[in-house]
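Below: the structure, in structure tokens.
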Amino acid sequence: MEVLNLINGSHGPAEGGKWLDLIDPSKGSSYGRLPRSGTADVDKAVKAASNVFDEWSSWSAEKRSACIDRLADKIQEYAEMLAEAETRDNGKPIGLASTVDIPRAEKNLRFYASAIKHFASESHYMEGVAINYTLRKPLGVVACISPWNLPLYLFTWKVAPALAAGNCVVAKPSEVTPATAFLLSKWVKEAGFPDGVFNILHGLGAEVGDALVKHPDIAAVSFTGGTATGAHIASVVAPKFKKLSLELGGKNAAIIFGDCDFDEALSTTVRSSFANQGQICLCGSRILVERSIYDKFRDALVEKAARIQVGNPLAPSTKMGAVVSEQHRDKILEHIEIAKQEGGKILCGGFATQPEGEDEFSGGYYIQPTIIEGLGTECRTNQEEIFGPVVTIQPFDSEEGAIENANSTKYGLAASIFTNDLKKAHRVAGNLETGIAWINCWLLRDLRTPFGGVKDSGVGREGGFEALHFFTEPQNVCVKL
Ligand code: NAD
């Protein structure tokens, strides 16, 4: 596959002619290349986007919505091909790509194609004196930067509201997983977007990403990725007074009370621990279990985790594929070593592996699902984001203790609570320092809800009208009566 940039309606390589390797993590080998773009490409894309902004932002919401819907039609039509491309690029099981990633990418576009037609602004009446109304204006040219874990899913989650609100976009998918954004770019013209409205640049974060966020004509940056990258971007963007939305890392807790529905809590926790090889920002990496059921829950969890077969991601029966890259595999393995040094007991997994009997995959990046016991709250393993198929399990004795432990990290993205005591469930949810709390479920998503984290997990919210608020600037108009 040769990935190309989309600038001003045309596909092409990077200005400097440099390339990066496209790696299939299931085999650890290259299967193509992508442009290593830089400042010159950013300049071209931002210029094209600026030139067409007046036209695009003057289109009716209906007309913009129709373009976004037509792009969604393409995702629907080519869903199978996109799922295969996502799996090959990322290492995730094809079952996940075809039931979660790609359908959700289509839904993101459909949701904002519809939402923009229902987006109302406020008015404030001052009795007998004046009436105020709020205009919501698009910002201009905005940057959308997305990570590798849910490539097309998170890419569309940003570009859809940005475009729907009337902005022109320069988007940068992760260099680790650029394939599906490139495939999407092939349908942008056909969907009816004027040239320059939607540009996609590929390359390294520290090069093209950095040039993009620094560009003076970029009005806002919507970023999803690691907390350290988010902090760096904030330091660059804040002094320029650009709008900034940051969706960052997590170290989420799953809190399992003794009075839960045991089987449901167990199967959901297996999923929240290991789905997408644990590489979902919302995965529950710290499992806190009430002491009365601790042994039983731990043993059942270990038994289920040990039975998960790591396999060829493209095989329909595979539940667990490869982690995204060699570098990421090594980082996860390093964390497992740290856990051992900290005195953690590995209950299952703890090592790199490969699909059984399949030499073709011997160079791939696979890690056996890993559960670690015996570590305290303050250790690195329970404080740092690992972002792989590695979880810890700890007992708790009281509701207060569980909340304190859950809130003990610098992160605050999400948490899950399992209990059949309704009052307790609401009480605990309200006391958690997280942007999202699930009760008796995990990753149940309604696209209308505010999505994001607190503390070092981010600033701002995506989802629903929150994203349309982010991608517009309110102006109050006051009319004296
Ligand atoms: P990352 O921060 O390395 O990269 C994310 C994106 O930012 C990539 O496109 C990258 O090229 C770009 N980038 C890197 N350096 C940049 C710079 N200096 N300037 C501009 N852009 C730059 O993150 P990652 O490894 O791709 O993704 C994993 C992380 O993302 C995890 O921490 C995970 O928790 C987080 N994440 C968060 C959410 C959320 O919604 N909160 C969702 C998914 C992933």
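Start at 1 and go down the list; that is how both ligands and their atoms are numbered. These figures come from a predicted structure and were not determined experimentally.
Nearest to atom 20 (C) of ligand 1 among the protein's heavy atoms is Gly209 C, 3.3 Å. The protein heavy-atom contact nearest to atom 41 (N) of ligand 1 is Leu248 O, 2.7 Å. In terms of protein heavy-atom proximity, atom 32 (O) of ligand 1 is closest to Glu385 OE1, 2.6 Å. Taking atom 12 (C) of ligand 1 as the reference point, the nearest protein heavy-atom neighbour is Ile145 CG2, 3.6 Å. Protein heavy atom in closest approach to atom 23 (O) of ligand 1: Gly226 N, 3.3 Å. Considering only non-hydrogen protein atoms, atom 27 (O) of ligand 1 sits nearest to Pro147 CB, 3.4 Å. Residue, atom and distance of the protein heavy atom nearest to atom 13 (N) of ligand 1 are Gly205 CA, 3.3 Å. Scanning all protein heavy atoms for the shortest distance to atom 28 (C) of ligand 1 gives Phe387 CE2, 3.7 Å.
The closest side-chain donor-acceptor pair between Thr180 and Glu86 falls under 3.5 angstrom. At a cut-off of 3.5 Å, with distance as the only test, no side-chain donor of Ser10 or Asn8 sits close to an acceptor on the other residue. One side chain, Asn405 or Gln394, offers a donor N or O that lies under 3.5 Å from an acceptor on the other.
To the nearest 0.5 Å, the span separating OG1 on Thr409 from CG on Asn382 amounts to 9.5 Å. Distance check, rounded to the nearest 0.5 Å: OG1 of Thr381 to CD of Glu337 gives 10.5 Å.
Heavy-atom proximity to Trp148, at under 4.0 Å, picks out these atoms of ligand 1: 24 (P), 25 (O), 26 (O), 27 (O). Within the listing of ligand 1, atoms 1 (P), 2 (O), 3 (O), 13 (N), 14 (C), 15 (N), 16 (C), 22 (C) sit less than 4.0 angstrom from a heavy atom of Thr229. Heavy-atom proximity to Asn149, at under 4.0 Å, picks out these atoms of ligand 1: 43 (C), 44 (C). Atom numbering of ligand 1 starts at 1 in the shown order; those under 4.0 Å from a heavy atom of Glu175 are 10 (C), 11 (O). Interface atoms of ligand 1 facing Pro173, defined by a heavy-atom separation under 4.0 Å, are 9 (O). Every atom of ligand 1 is numbered from 1 in the order shown, and the set under 4.0 Å from a heavy atom of Asp210 is 19 (N), 20 (C). Interface atoms of ligand 1 facing His232, defined by a heavy-atom separation under 4.0 Å, are 18 (N). Set against the non-hydrogen atoms of Phe451, the atoms of ligand 1 under 4.0 Å away are 40 (O).
When heavy-atom distances to ligand 1 are checked against a 4.0 Å cut-off, His328 has no atom that comes that close, whether in backbone or side chain. Of all the heavy atoms of Leu154, the ones lying under 4.0 Å from any atom of ligand 1 belong exclusively to the side chain. If you look at Thr224 next to ligand 1, the close heavy atoms, those under 4.0 Å, come from the backbone and the side chain alike. Contacts between Val176 and ligand 1 below 4.0 angstrom, taking non-hydrogen atoms only, are absent altogether. Residue-level proximity to ligand 1 for Leu413 is carried by the side chain, the only part with a heavy atom below 4.0 angstrom. Contacts of Ser146 with ligand 1, taken as heavy-atom pairs under 4.0 Å, involve the backbone alone.
Looking at Arg36 and Trp19, their side chains never come closer than 4.5 Å, going by heavy atoms from C-beta outward. A heavy-atom distance below 4.5 Å is not found between the side chains of Pro313 and Ile94.
Ring centroids of His469 and Phe119 are separated by less than 6.0 Å, placing the two rings close together.
Contact check on Asp21 versus Arg33 returns no salt bridge, with no Lys/Arg side-chain nitrogen under 4.0 Å from an Asp/Glu carboxylate oxygen. With salt bridges taken as basic N to acidic carboxylate O contacts below 4.0 Å, one links Arg110 and Glu106.
Geometrically, ligand 1 and Lys172 share a nitrogen or oxygen pair separated by less than 3.5 Å. Considering both main-chain and side-chain atoms, Leu204 never comes within under 3.5 Å of ligand 1 through any nitrogen or oxygen pair. Considering backbone and side-chain N/O of Ser457, none are found under 3.5 Å from N/O of ligand 1. Looking at ligand 1, you won't find any N or O of Ile233 less than 3.5 Å from one of its N or O atoms.
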Checking salt bridge (charged side-chain N to carboxylate O under 4.0 Å, His left out) for the pair Lys251/Glu384: CA distance, chi angles, key distance, verdict?
CA-CA 7 Å; Lys251 189 73 184 174; Glu384 295 176 15; over 6 Å; no

Go through it in stages, so that I can follow the logic: the residues are Trp148 and Phe387, the test is ring pair (Phe, Tyr, Trp, His ring centres under 6.0 Å), and I'd like the CA-CA distance, side-chain angles, deciding distance and then a yes or no.
CA-CA 12 Å; Trp148 50 255; Phe387 214 53; 5.4 Å; yes

Using side chain to side chain donor-acceptor pair (under 3.5 Å), reason through Asp89 and Thr177 one step at a time and then give a plain yes or no.
CA-CA 5 Å; Asp89 219 19; Thr177 54; 4.9 Å; no

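Phe198 and Phe155 have parallel rings, their planes meeting at less than 30° on a 0 to 90° scale where 60° marks the start of perpendicular.
Here the closest heavy-atom approach between residue Ala97 and residue Lys92 is recorded as CB-CD, 4.0 Å.
Heavy atoms of other residues, nucleotides or ligands lying less than 6.0 angstrom from CZ of Arg448 number 12 at most.
Summarising the contacts of atom 35 (C) of ligand 1 with Cys281, Gly452, Gly225, the nearest heavy atom is found in Gly225.
At a distance under 4.0 Å, no protein heavy atom can be found next to atom 4 (O) of ligand 1.
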